[in-house]
Engineer: 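Just passing along the structure, written as structure tokens.
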Protein chains: 2
Amino acid sequence: MMENIIFRNFLGGKGLKLTKERTAVLSEVYSFHGHFEPEYLYSRIKGSGSKASRASVYRTLSLLVECGLVKRVTRTDKGNIYEHTYGHSHHDHMICDICGEIIEFFSEKLEKLQDEICEKNSFIGSSHALEIRGRCKKCRM
Amino acid sequence: MMENIIFRNFLGGKGLKLTKERTAVLSEVYSFHGHFEPEYLYSRIKGSGSKASRASVYRTLSLLVECGLVKRVTRTDKGNIYEHTYGHSHHDHMICDICGEIIEFFSEKLEKLQDEICEKNSFIGSSHALEIRGRCKKCRM
DNA sequence: ATCTAATTGCAATTAAGTCTCAATTTCAGT
DNA sequence: ACTGAAATTGAGACTTAATTGCAATTAGAT
């Protein structure tokens, strides 16, 4: 698993340690696809063989975001939503206001547009997130 | 003030009442420009002649969002950030990771792109928010 | 002016996420 | 494999934004 190596290198480079708990969180994150909330992740970990406290789950999640293996997709009224990123190229999201479904898409034009907009505003863009809200195929009237 | 009329009509249409507190919140929201957090709004209201409890501020803010006079710009780790929208056309945001400055921009191309993307995915887009993160002019190295 | 449903303020509550710290564990050096 | 310094853990207390329940109050239609 490439993501383990990435994580180990990241930790090593910062003088941090690869613990059972961190390994458990990482492998749980990569054990399923799609988006997740921290509490959901925590409940999955409790249910799995391994274990990690809530504090460790949150702490590890921050590290995973920092090293780029996990990304915060958006915030709902409830809290953060994440996704793992290794093996997934950059994309943006459409979120259905009715059923909450999250649809991913990628647009080359959008990538170019970001550069254009940044240049025009003397801004050094490092990332963007486009979130389109509306109704998905199933929920349109 | 057009926004008062809009709010009054909105409330009337739902059988809700236009109270002093709601009026106070609305006029405070429109008394300055730029982005704000609910707690900042609440502190301004306490400082002004009128008054409204924290609960009323939050409750009114929801109503203002519902009727389109206020929009939630983004969520930080701390909480929501809003802006008033009457007299402001649609725009998106660049947020500086260093100093937190929020820069507004509008791109016609982006508007068209949204329609294109939605069509391609059988999604009925009602709104979008593009957030570009990076370093502003002042904070670039 | 009256009446009823909506609204208010307060304080209690919720919930996500963070922090503290004693006990434990990792791992580099031997 | 052993050791020790430094990092990490778990449990629960804590923080902070935001919501809620309820008795008292108020808007506004009639």
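Throughout, protein chains are lettered first and strands after them, A, B, ... in sequence-line order, and every chain is numbered starting at 1.
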Engineer: Is a side-chain donor-acceptor pair under 3.5 Å present for A:Glu21 with A:Thr60?
Structural biologist: no

Engineer: Under 4.0 Å: is that the gap between some side-chain N or O of B:Ser56 and OP1 or OP2 of C:dG9?
Structural biologist: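 Yes.
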
Engineer: Under 4.0 Å between a side-chain N or O of A:Tyr58 and OP1 or OP2 of C:dT18?
Structural biologist: no

Engineer: Rounded off to whole Å, could you give me the OH-to-P distance for the B:Tyr42 and D:dT19 pair?
Structural biologist: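 Value for this atom pair: 15 Å.
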
Engineer: Hey, can you tell me if B:His93 and B:His91 have their rings parallel, tilted or perpendicular (30° and 60° cut-offs)?
Structural biologist: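 Perpendicular: the ring planes of B:His93 and B:His91 meet at over 60°.
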
Engineer: If you check the A:Asn80 side chain, which of C:dT8, C:dG17, C:dT7 turns out closest?
Structural biologist: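 The closest nucleotide is C:dG17.
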
Engineer: How close or far is atom P of C:dA16 from atom CZ of A:Phe36, stated in whole angstroms?
Structural biologist: 15 Å

Engineer: Is B:Arg54 near enough to C:dG9 that one of its side-chain N or O atoms lies under 4.0 angstrom from OP1 or OP2?
Structural biologist: no

Engineer: Take atom CZ of B:Phe7 and atom P of D:dA27, then tell me their distance rounded to the nearest Å.
Structural biologist: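 Taking CZ of B:Phe7 and P of D:dA27, I get 15 Å after rounding.
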
Engineer: Measuring centre to centre across the rings, with the benzene-like ring taken for any Trp, is A:Phe32 within less than 6.0 Å of A:Tyr40?
Structural biologist: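 A:Phe32 vs A:Tyr40: aromatic centres under 6.0 Å.
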
Engineer: Rounded to the nearest Å, what distance is computed from the OH atom of residue A:Tyr40 to the P atom of nucleotide C:dA16?
Structural biologist: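 Roughly 16 Å, once rounded to whole Å.
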
Engineer: What is the separation between atom CG on A:Leu18 and atom C1' on D:dA6, rounded to the nearest whole Å?
Structural biologist: 16 Å

Engineer: How close or far is atom C1' of D:dA7 from atom CG of A:Leu11, stated in whole angstroms?
Structural biologist: 11 Å

Engineer: Does the side chain of A:Thr19 get closer than 4.0 angstrom to OP1 or OP2 of D:dA7 through an N or O atom?
Structural biologist: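 For D:dA7, neither OP1 nor OP2 has a side-chain N or O of A:Thr19 closer than 4.0 Å.
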
Engineer: Nearest whole Å is fine: how far is D:dA17 P from A:Lys78 NZ?
Structural biologist: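 For the pair A:Lys78 NZ and D:dA17 P, the rounded distance is 18 Å.
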
Engineer: Donor-acceptor pair under 3.5 Å: do we get one between B:Lys17's side chain and the base of D:dA27?
Structural biologist: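 Answer yes: a donor N or O sits under 3.5 Å from an acceptor.
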
Engineer: Can a side-chain donor-acceptor contact be found between B:Glu104 and B:His88 if the only test is distance below 3.5 angstrom?
Structural biologist: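 B:Glu104 and B:His88 do not have a side-chain donor-acceptor pair below 3.5 Å.
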
Engineer: Can you tell which of C:dA16, C:dG9, D:dA11 lies closest to the side chain of A:Ala55?
Structural biologist: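 The answer is D:dA11.
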
Engineer: Report the residue (B:Glu37 or B:Arg8) whose heavy-atom-nearest nucleotide on DNA chain D is the more 5′ of the two.
Structural biologist: B:Glu37

Engineer: Calculate the interatomic distance between A:Arg59 atom CZ and D:dG10 atom C1'; express it in whole Å.
Structural biologist: 8 Å

Engineer: Reckon A:Lys20 has a side-chain N or O less than 4.0 Å from the OP1 or OP2 of C:dT24?
Structural biologist: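 For C:dT24, OP1/OP2 do not have a side-chain N/O of A:Lys20 under 4.0 Å.
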
Engineer: If you assign A:Glu21 and B:Lys51 each to the DNA chain C nucleotide with the nearest heavy atom, which residue ends up on the more 5' nucleotide?
Structural biologist: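 Closest to the 5' end, via its nearest nucleotide, is B:Lys51.
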
Engineer: Closest nucleotide of DNA chain D for B:Glu39 versus for A:Val57: which of these residues is on the 5' side?
Structural biologist: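 Its nearest nucleotide lies further toward 5', so the answer is A:Val57.
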
Engineer: Under the criterion ring-ring contact (aromatic ring centres under 6.0 Å, His included), I'd like the reasoning laid out for A:His90 against A:His128: C-alpha separation, chi angles, the key distance, then a yes or no.
Structural biologist: CA-CA 10 Å; A:His90 165 72; A:His128 72 241; 4.8 Å; yes

